[in-house]
Visitor: 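This is the structure I want to talk about, given as structure tokens.
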Amino acid sequence: MAKKLWDKNSTINPFIEEFTVGKDRELDLLLARYDILGSIAHSTMLCSIGMLTDEETVALHKELRNIYKIVEDGNFIIEDGVEDVHSQVELMLTRTLGDIGKKIHSGRSRNDQVLLDLKLFTRHEMQKICQSTKTLFDSLIEQSNRNKNILMPGYTHLQVAMPSSFGLWFGAYAESLADDMLFLQAAYRMCNRNPLGSAAGYGSSFPLNRSMTTELLGFDSMNYNVVYAQMGRGKCERNVAYALASVAGTLAKMAFDACMFNSQNFGFIKLPTECTTGSSIMPHKKNPDVFELLRAKCNRIQALPIDITLIMNNLPVGYFRDLQIIKEVFLPTFKELSDCLEMARYIIERLEVNKNILDNGIYDPMFSVEEVNRLATEGVPFRDAYKIVGMKIEAGEFTPNKEIHHTHEGSIGNLCNERICELMENIYNNMDFSKIEEAEKTLLGRD
Ligand code: ARG
């Protein structure tokens with residue numbers, strides 16, 4: 001028999017139930033530990049305003065910590081007939097504690113509970129994403145420094161254009177990640193505000209101490225306006241999704257380059273054989289499937305903000321069940337992107353670069369601008385120098401001077417990698433995750 005928090009002795013229609021519960025029983029498992037942390041903070045606050053006695057609160061905390069342990073051990077389930085994680089935790093509390101368990105929901109709604117769970121979950125997962133992004137950044141900088149003198153062609157329109165280098169290529173993706181980190185930080189800060197106490201979206205007549213739960217849960221501040229707090233459902237996920245999509249965009253572009261540069265027609269980079277996959281029919285094949293899958297997965301992640309936007313588009317103020325569906329696309333993305341970041345780092349560290357690309361004469365024309373610039377330095381007006389070199393190339397008389405000398409900031413000869421590292425470190429070190437770790441430990445009585 002179905003057990004509903006909102007049971008009023010009427011019968012439940014199983015057809016309607018299955019449809020409305022949807023994937024919650026499975027997805028909410030990811031939120032379980034955060035639901036419990038939220039309940040510990042909420043009950044502490046209820047005690048402080050006289051809604052629970054000290055003994056009741058001690059009993060609740062003991063039981064909530066037991067349930068947390070069950071989650072950690074991988075044994076937490078949402079039972080058949082129970083709608084979601086919020087109902088399951090309350091059910092477990094009432095089973096062991098009776099009336100005490102029934103008191104915990106005072107001044108709270110599942111609407112602010114799920115808001116809170118999502119923010120705590122997201123905050124935690126973003127910490128991992130930021131760490132993996134930083135690690136990949138470090139590997140790219142290392143490859144950039146190691147290969148800073150190795151030239152490769154630069155392209156525009158996929159036509160050979162000007163000299164570039166592996167120092168520039170690897171470093172470009174590192175700097176891109178530094179910008180992505182700024183995006184992650186902004187999304188993280190928006191996420192790190194407490195929605196608890198907004199209840200169904202309009203607050204409560206109990207004198208809730210929201211500053212107290214904000215502090216207990218280690219948030220930077222709260223979403224003050226209760227109506228806005230509820231509006232944050234979907235908005236928070238969408239903003240975070242934009243930040244994740246930004247990282248994914250960097251990875252997808254890099255993966256495309258790598259697939260292309262690894263092809264025989266380019267032959268700029270090589271994957272160790274053990275990092276390639278074979279063909280069932282063509283015995284010679286060593287395919288860069290790793291980069292292809294990275295590209296596809298990261299392209300799909302870039303659709304996430306749009307997915308979320310479409311789910312919540314045109315919803316007026318207040319809670320709607322539509323918002324539940326966002327969990328289906330949002331929650332699994334963190335693991336997907338983490339796996340991609342981890343694999344990207346692994347494969348980037350193992351990439352071998354071709355040191356003799358420019359021996360091939362098809363790249364000679366890319367030194368044309370160097371020659372134009374040389375003449376211009378000697379006093380020939382740029383436009384005339386351009387014409388002289390252009391005519392030589394047309395007549396097949398151009399012999400390139402491959403000694404190049406680029407000195408300005410961010411160029412082949414002056415990568416500014418230390419400055420790029422500084423940029424990244426300033427953003428990364430500004431994100432203090434220790435406060436949330438401390439808060440969670442205290443709530444669990446583990447300090
Ligand atoms: N599973 C629901 C969700 O994710 C929980 C909130 C339910 N609230 C409600 N008013 N039905 O949105």
Side-chain angles (χ1 to χ4, degrees), residues 3-7 28 31-71 82-121 123 192-227 229-230 232-233 319 436 438-447:
K3 313 160 191 92
K4 298 287 167 289
L5 295 177
W6 38 272
D7 176 43
D28 274 13
L31 302 178
R33 56 178 75 214
Y34 306 106
D35 204 73
I36 295 160
L37 289 169
S39 285
I40 298 174
H42 183 66
S43 51
T44 307
M45 185 278 292
L46 287 181
C47 176
S48 78
I49 60 168
M51 299 289 303
L52 289 169
T53 65
D54 287 345
E55 298 73 52
E56 287 171 330
T57 311
V58 169
L60 274 169
H61 287 186
K62 183 160 175 280
E63 196 45 34
L64 284 163
R65 286 168 188 164
N66 283 342
I67 304 173
Y68 193 93
K69 187 80 187 30
I70 295 173
V71 176
V82 177
E83 274 189 307
D84 49 34
V85 65
H86 328 295
S87 313
Q88 180 67 37
V89 173
E90 189 172 318
L91 178 73
M92 290 166 90
L93 291 175
T94 46
R95 264 188 204 144
T96 17
L97 303 174
D99 282 352
I100 305 177
K102 292 189 200 162
K103 290 185 177 182
I104 196 169
H105 209 55
S106 313
R108 186 173 77 171
S109 157
R110 279 183 298 170
N111 294 357
D112 64 339
Q113 237 183 314
V114 63
L115 266 170
L116 176 68
D117 295 0
L118 281 167
K119 282 182 175 237
L120 297 179
F121 168 87
R123 194 169 84 157
N192 200 16
R193 300 185 201 280
N194 183 19
L196 190 64
S198 58
Y202 300 94
S204 163
S205 57
F206 295 125
L208 305 177
N209 184 346
R210 296 192 62 209
S211 299
M212 184 178 192
T213 53
T214 300
E215 187 63 33
L216 287 172
L217 290 160
F219 280 111
D220 280 344
S221 66
M222 68 179 88
N223 292 130
Y224 293 98
N225 182 312
V226 288
V227 173
Q230 176 56 54
R233 180 89 187 268
Y319 175 85
I436 66 176
E438 280 307 305
E440 294 185 8
K441 261 200 275 167
T442 311
L443 286 170
L444 293 169
R446 290 180 179 174
D447 50 342

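Heads up: numbering here begins at 1 and tracks the sequence.
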Visitor: Kindly determine whether Asn111 and Arg233 satisfy side-chain contact (heavy atoms from CB on, under 4.5 Å), including the steps that lead there.
Guide: CA-CA 9 Å; Asn111 294 357; Arg233 180 89 187 268; over 6 Å; no
Visitor: Return the minimal non-hydrogen interatomic distance between Gly107 and His42, and the atom names on each side.
Guide: O-CE1, 3.9 Å
Visitor: I want to check something: taking the side chain as every heavy atom from C-beta on, are Asp99 and Lys102 in contact at a cut-off of under 4.5 Å?
Guide: yes
Visitor: Taking all non-hydrogen atoms of both residues, which atom of Val226 and which atom of Tyr202 are closest, and how far apart?
Guide: CG2-C, 3.6 Å
Visitor: On a heavy-atom basis, which atom in Leu115 and which in Ser198 lie closest, and how many Å separate them?
Guide: CD1-OG, 4.1 Å
Visitor: Can Phe219 and Arg123 be said to form a side-chain contact (heavy atoms from CB on, under 4.5 Å), step by step?
Guide: CA-CA 10 Å; Phe219 280 111; Arg123 194 169 84 157; 3.6 Å; yes
Visitor: With no hydrogens and no angle check, just 3.5 Å: does a side-chain donor-acceptor pair link Asp54 and Thr57?
Guide: no
Visitor: About how many Å separate CG of Asp117 and CG of Asp84, when rounded to the nearest 0.5 Å?
Guide: 9.5 Å
Visitor: Main chain of Val85, side chain of Asp28: is a donor-acceptor contact present, judged purely on distance under 3.5 Å?
Guide: yes
Visitor: Supply the atom-to-atom distance Glu215 CD to Asn194 CG, rounded to the nearest 0.5 angstrom.
Guide: 11.0 Å
Visitor: Taking all non-hydrogen atoms of both residues into account, name the closest pair between Ala41 and Leu217 and its distance.
Guide: CB-CG, 3.7 Å
Visitor: Just by distance, do the side chain of Arg210 and the backbone of Leu196 share a donor-acceptor pair under 3.5 Å?
Guide: yes
Visitor: Take Leu116 and Leu37 through the side-chain contact (heavy atoms from CB on, under 4.5 Å) test and state the conclusion after the steps.
Guide: CA-CA 10 Å; Leu116 176 68; Leu37 289 169; over 6 Å; no
Visitor: Would you find a donor on one side and an acceptor on the other, under 3.5 Å apart, between the side chain of Lys119 and the backbone of Arg193?
Guide: yes
Visitor: Over all heavy atoms of both residues, which pair between Val71 and Ala32 is shortest? Give the atoms and the distance, please.
Guide: CG2-CB, 3.9 Å
Visitor: Just wondering, do Arg110 and Ser87 contact through their side chains at under 4.5 Å, heavy atoms?
Guide: yes
Visitor: Looking at CG of Leu91 and OG1 of Thr94, how far apart are the two atoms once the value is rounded to the nearest 0.5 Å?
Guide: 5.0 Å
Visitor: Rounded at 0.5 Å granularity, tell me how far CD in Gln113 sits from CZ in Arg108.
Guide: 3.5 Å
Visitor: Given 3.5 Å as the limit, does a donor-acceptor pair link the side chain of Asp112 with the main chain of Gly197, or not?
Guide: yes
Visitor: Can you name the closest pair of heavy atoms from His61 and Ile40 and give their distance?
Guide: NE2-O, 3.3 Å
Visitor: What distance separates Ser211 OG from Tyr224 OH, expressed to the nearest 0.5 Å?
Guide: 7.0 Å
Visitor: Quick one, Leu443 and Leu216 - any side-chain contact, counting heavy atoms below 4.5 Å?
Guide: yes
Visitor: Determine, stepwise, if the pair Ile104 / Leu64 fulfils side-chain contact (heavy atoms from CB on, under 4.5 Å).
Guide: CA-CA 11 Å; Ile104 196 169; Leu64 284 163; 4.1 Å; yes
Visitor: Rounded to the nearest 0.5 Å, how far apart are NZ of Lys103 and CD of Glu56?
Guide: 3.5 Å
